[in-house]
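For reference, positions follow the sequence shown, starting with 1. Below, each value reflects all heavy atoms present in this structure, side chains not excepted, and no hydrogens, waters or symmetry copies.
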Amino acid sequence: MLDLVRELAALDLHLTHETAELRWGPATTLFLIASAWWVKGPLLVGLGGLSDGMRRTLLPVVMLASATAFAIASGLNVVLKDVVDRHRPPLTDPDIVHVGDLPSSPSFPSGHAMTAFAAAGAIAVLCPRMRWPALTIAFLVAISRPYLGMHFWADVLVGSVLGAAIGALVALGARWLSGVVRPAAPPA
């Protein structure tokens with residue numbers, strides 16, 4: 001089992017190194033903007049309010065659910081980072097050059113991927129018309145992290161899955177609490 005973990009860690013390092021080598025000016029600019037903390041949160045939460053087919057009564061539910069999912073994912077991320085305490089790629093391999101300011105927090109899991117997919121997951125469940133735009137933004141945020149040399153791919157994968165699960169659970173809870181989904185009538 002320990003050998004498998006070592007092999008996966010080596011593969012993760014190799015893939016992250018190779019990804020950092022793919023940099024191209026316009027893509028780097030796009031990924032820097034996508035991963036800016038002041039862009040992803042407001043963009044995703046605001047996206048939940050843009051559906052033209054959404055009932056006005058559901059609009060606050062979607063926006064509150066996406067913001068709540070974002071906040072829960074952010075808090076859980078801090079706890080997990082402290083527990084795992086994985087070094088960031090450039091600290092593990094000096095040949096991996098990062099673009100932008102390297103955060104001082106541990107690497108695992110990716111907070112950017114986790115919070116982006118949490119907000120997008122809530123939007124995807126509550127507002128199907130905005131599902132693909134929200135998930136596309138979350139995907140761009142997530143892949144920006146290894147591309148910029150800030151995270152390993154495993155950090156992003158785990159953060160994305162955890163975030164999506166948090167978003168879906170918060171959305172289902174919001175549906176239940178807001179009465180959007182009503183129980184079926186008992187059989188006659």
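In Asp101, the CG atom is not crowded: 12 or fewer heavy atoms of neighbouring residues, nucleotides or ligands sit closer than 6.0 Å.
Under the rule for a ring-ring contact (aromatic ring centres under 6.0 Å, His included), the partners of Phe31 that lie at least two apart in sequence or sit in another chain are Tyr147. Applying the side-chain hydrogen bond (donor to acceptor under 3.5 Å, both in side chains) criterion to Ser160, with sequence neighbours excluded, gives no partner residue. Listed by chain and residue number, Arg88, Pro90, Leu91, His98, Met150 satisfy the side-chain contact (heavy atoms from CB on, under 4.5 Å) test with Leu102 (two or more places apart in sequence, or in another chain). Not counting sequence neighbours, the partners of Leu8 by the side-chain contact (heavy atoms from CB on, under 4.5 Å) test are Leu4.
One distance of note links OG1 of Thr68 with CG of Leu169; it measures 13.0 Å at 0.5 Å rounding. To the nearest 0.5 Å, atom NE2 of residue His14 and atom CH2 of residue Trp153 are 13.0 Å apart. Atom-to-atom distance recorded for Asp82:CG and Asn77:CG is 9.5 Å, nearest 0.5 angstrom.
Scanning both residues, Pro109 and Met114, for their nearest heavy atoms gives CG-SD, 4.0 Å.
Ion pairing between Arg145 and Asp155 fails under the 4.0 Å rule for side-chain N and carboxylate O.
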Does the pair Val97 and Arg23 meet the rule for a side-chain contact (heavy atoms from CB on, under 4.5 Å), with working shown?
CA-CA 11 Å; Val97 178; Arg23 293 198 184 115; 4.3 Å; yes

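Taking Ile, Leu, Val, Met, Phe, Trp and Tyr as members and joining any whose side-chain heavy atoms lie under 4.5 Å apart, directly or through other members, the hydrophobic cluster of Val125 also contains Leu172.
For residues 131-140, there are no side chain to side chain donor-acceptor pair (under 3.5 Å) pairs, not counting sequence neighbours.
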